[in-house]
Amino acid sequence: MKSLLSILVALMLSQAAALALAADGKPAVIDGGNPDTLSPHVSTMLPLCASCHGADGISAVGLYPNLAGQKVEYLVKQLQAFKSRERNDPVMSSMAEPLSPEAIQELAQYFSSRK
């Protein structure tokens, strides 16, 4: 049952990410941010992040924490913990798995700079 829930959540996140893409296939601009200045991999991750954590890292759902304004070091540590499954969450661990250390750093810097 838990894996079925994980699959359903992953499908919903994929759908939300697809909706967040502009017609030209580039990520939608998140609250004035410029995804064109980010690496392609990180740019494609932003709509996925926004689907739970909200546009610009401010979550509208209490279940998901705000990412905006968090310290870079904290965000890096959490993403690394999800990636290694030291902190195991079916959705976040699968999101963090493909991230390189550079992508983790870039995402952390992006969301830390949001207010």
Side-chain angles (χ1 to χ4, degrees):
M1 182 68 168
K2 196 172 187 179
S3 68
L4 177 61
L5 179 62
S6 298
I7 292 168
L8 289 174
V9 170
L11 287 172
M12 289 179 1
L13 290 174
S14 297
Q15 191 70 1
L19 293 172
L21 291 175
D24 62 1
K26 290 186 176 181
V29 174
I30 297 178
D31 194 52
N34 184 1
D36 291 331
T37 63
L38 299 172
S39 69
H41 183 65
V42 169
S43 290
T44 61
M45 293 300 293
L46 287 179
L48 291 172
C49 299
S51 66
C52 290
H53 296 284
D56 218 25
I58 304 293
S59 176
V61 179
L63 180 63
Y64 307 115
N66 292 333
L67 301 179
Q70 294 284 355
K71 294 181 189 265
V72 172
E73 296 81 4
Y74 172 79
L75 293 171
V76 166
K77 181 179 179 180
Q78 297 312 308
L79 283 171
Q80 288 171 338
F82 283 123
K83 182 179 173 85
S84 70
R85 296 196 183 262
E86 174 186 328
R87 182 175 180 187
N88 194 9
D89 176 81
V91 175
M92 278 305 302
S93 293
S94 65
M95 296 287 179
E97 261 179 38
L99 296 176
S100 68
E102 295 81 17
I104 288 174
Q105 186 69 33
E106 193 174 350
L107 280 167
Q109 288 174 339
Y110 177 82
F111 282 110
S112 180
S113 72
R114 310 279 82 182
K115 300 293 176 203

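The shortest side-chain heavy-atom distance between L107 and C49 falls under the 4.5 Å cut-off. Side-chain contact between Y110 and V42: absent, with no pair of heavy atoms (C-beta onward) separated by less than 4.5 Å. A heavy-atom distance below 4.5 Å is not found between the side chains of R114 and L67.
Remark: S93 engages N88 in a side chain to side chain donor-acceptor pair (under 3.5 Å) (not counting sequence neighbours). Judged as a side chain to side chain contact (heavy atoms under 4.5 Å, CB included), and not counting sequence neighbours, the contacts of S100 are E102, A103. With sequence neighbours left out, the side chain to side chain donor-acceptor pair (under 3.5 Å) criterion links E97 to R85.
Residues K115 and A68 come closest through the heavy atom pair N-CB, 4.3 Å. When every heavy atom of S59 is checked against every heavy atom of C52, the shortest pair comes out as OG-O, 3.4 Å.
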* Asked: Can you check side-chain contact (heavy atoms from CB on, under 4.5 Å) on M45 and L99, steps first, answer last?
  -> CA-CA 9 Å; M45 293 300 293; L99 296 176; 4.1 Å; yes
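Remark: the backbone N or O of S39 is paired with a side-chain donor or acceptor of E106 at under 3.5 angstrom.
M92 and I58 are members of different hydrophobic clusters when ILVMFWY side chains are connected at heavy-atom separations under 4.5 Å.
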Can I get a per-line list of side-chain donor-acceptor pairs under 3.5 Å for residues 69-81, giving both atom names and the distance, sequence neighbours left out?
{"residue": "Q70", "atom": "NE2", "partner": "N66", "partner atom": "O", "Å": "3.4"}
{"residue": "Q78", "atom": "OE1", "partner": "R87", "partner atom": "NH1", "Å": "2.5"}

